[in-house]
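Take a look at the structure set out below.
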Amino acid sequence: MKNFDEIMSLLSKYGQEHLLAHYNELSDADKASLISQIEKIDFSVLECLDESKRASAKRGTFTPLGAVTISDIERNSQEYRKIGCDIIKNGKAAAVLLAGGQGTRLGFDKPKGMFNVGVTRDLYIFQCLINNLMKVVKETGTWVQLYIMTSEKNHEDTTSFFKEKNFFGYDPDHVSFFIQDMAPSVDFSGKIYMEAPGKISSSPNGNGGWFSSLVRAGLLEDIKSKGIEWLNVFAVDNVLQQIADPLFIGAVVKSGSQSGGKVVSKADPNERVGVLCLEDGMPSIVEYYEMTPEMISRRNDDGELAYKYGVILNYLFSTEKLEQIMNQKMPVHVVEKKIPYMDENGCLISPEKPNGYKFETLVLDMVHMQDSCLPYEVVRSKEFAPIKNATGVDSVESARELLKQNDVQL
Ligand code: UTP
């Protein structure tokens, strides 16, 4: 561990000396904790406050990308299913649940997966996901290895919850948890916030850090020793998420693509969803706010939208490619957020409007690091019921409605 002077000189390089302003008032244990928090900070993200270094500053030329459509999939379903099921039976596919987010929009103070969407019975988001994965376990007679990413903020709650609920019937020997890295939160001038005299304000560093965090947790050896070749990465908040879907795996493998992304047809041209397309000829996701009016309204000869396929945070990556790209730097997204902070009087303030930035890397940027990515179209009403908000669009209400439509008892 570095000493006070070494830490001070590190901080002065980045204009962050204020982090030690209360150092002398702290107990020995808190002093050591503060130093260790500072040692873990990745100061390089601060460079991204310079607009020219932001992820959004470096986009290339976008062109549309067609998908394997619902009717293509129906036509080839037997073949895809056979390929996918064989891969699962041979233990070559695993699933990675991204559950390190803070779920601020939902306004639930526990990990999002602990939210109960049930009405007449308990039905937790985590439970919905496990139930969905169990369908594949039953179909193939094989437990699919499940890696769950948490964050420092929700790890304890998440792991205790799974234990308390007996993993909702899943085999705990096939579940591993790992904790994602954190990034500091800063005010608009780039000064890192403090939450308490001995506590730096930090937040999970975005879902793009999942593979590096998994490697740091020592799980790459586990993956390799088990012979896992494909990782299906998915978000916690879609209760209709189909995980380790044999047809999806089969279609990607059959196509010879290096990766795949589940997509839905946009509900309308202006839907606020990232679209899987090409950027400078390589697979990429263009965010809805990056699309020009011309891109939004462009149609193919058959009248369909050219930029039609929105991503739903369900990707299939090959372990081999992930290893190749793991040391490449990912673009950092600078996001305005409401950040609780300690004021000059030592009081913790919860601001009502955004007061600074958080830094995040995003799994969708990994798509652009692939040589190819197969957009795989799924039926929205069967596979996409995200819970982002308490009410309205993508909410608990809308997800309950979709669960009912899919005969899930609430
Ligand atoms: P969101 O982008 O919806 O973020 O995450 P969030 O933090 O869950 O929710 P808000 O924006 O604060 O309301 C999409 C997926 O990525 C995971 C989330 O848990 C979710 O599965 N995620 C997000 C992480 O695992 N780590 C992160 O740092 C951020």
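Atoms within each ligand, like the ligands themselves, are counted from 1 in listed order.
For ligand 1 and Ala99, the ligand atoms under 4.0 Å from any heavy atom of the residue are 19 (O), 25 (O). Short contacts between ligand 1 and Pro204, defined as distances under 4.0 Å to a heavy atom of the residue, involve ligand atoms 28 (O). The atoms of ligand 1 that sit less than 4.0 Å from any heavy atom of Ala235 are 15 (C), 21 (O).
Aromatic pair Tyr147/Trp210: centroids not less than 6.0 angstrom apart.
With hydrogens left out, the protein atom closest to atom 26 (N) of ligand 1 is Gln180 OE1, 2.6 Å, a heavy atom. Remark: minimum distance from atom 7 (O) of ligand 1 to any protein heavy atom is reached at Gln102 N, 2.9 Å. Protein heavy atom closest to atom 23 (C) of ligand 1, with residue, atom name and distance, is Gly101 CA, 3.6 Å. Protein heavy atom at the shortest distance from atom 5 (O) of ligand 1 is Lys388 NZ, 4.2 Å. Among protein heavy atoms, the minimum distance from atom 28 (O) of ligand 1 is reached at Gly206 N, 2.9 Å. Protein heavy atom nearest atom 16 (O) of ligand 1, with residue, atom name and distance: Asn207 ND2, 3.0 Å. The protein atom (non-hydrogen) at minimum distance from atom 25 (O) of ligand 1 is Gly100 N, 2.8 Å. Of all protein heavy atoms, the one lying nearest to atom 12 (O) of ligand 1 is Thr104 OG1, 2.4 Å.
Atom 2 (O) of ligand 1 has its nearest heavy-atom neighbour, among Met149, Arg105, Lys358, in Arg105. Considering Asn205, Asp181, Leu313, Ile148 only, the shortest heavy-atom separation from atom 15 (C) of ligand 1 involves Leu313. Of the options Pro111, Gly107, Ser213, Gly103, the smallest heavy-atom separation from atom 8 (O) of ligand 1 is shown by Gly103. The heavy atom nearest to atom 20 (C) of ligand 1, considering only Asn389, Asn154, Leu98, Leu364, is found in Leu98.
Taking the six-membered ring for Trp and thresholds of 30 and 60 degrees, Tyr14 and Phe43 have nearly parallel ring planes, at less than 30 degrees apart.
Side chain to side chain, Lys153 and Gln180 fail the donor-acceptor criterion of an N or O pair below 3.5 Å. For the residue pair Lys382/Gln405, the side-chain donor-acceptor check at 3.5 Å is not satisfied. With hydrogens and angles left out, the side-chain atoms of Tyr193 and Asn355 include a donor and acceptor closer than 3.5 Å. There is a side-chain donor-acceptor pair under 3.5 Å between Asn232 and Asn314. A side-chain donor-acceptor contact under 3.5 Å links Thr69 and Asp72. When only modelled atom types and interatomic distance are considered, Arg59 and Ser284 share a side-chain donor-acceptor pair under 3.5 Å. In the model, Glu279 has no side-chain atom that pairs as donor or acceptor with a side-chain atom of Thr61 under 3.5 Å.
In this structure, the side chain of Asn345 does not engage the main chain of Cys347 through any donor-acceptor pair within 3.5 Å.
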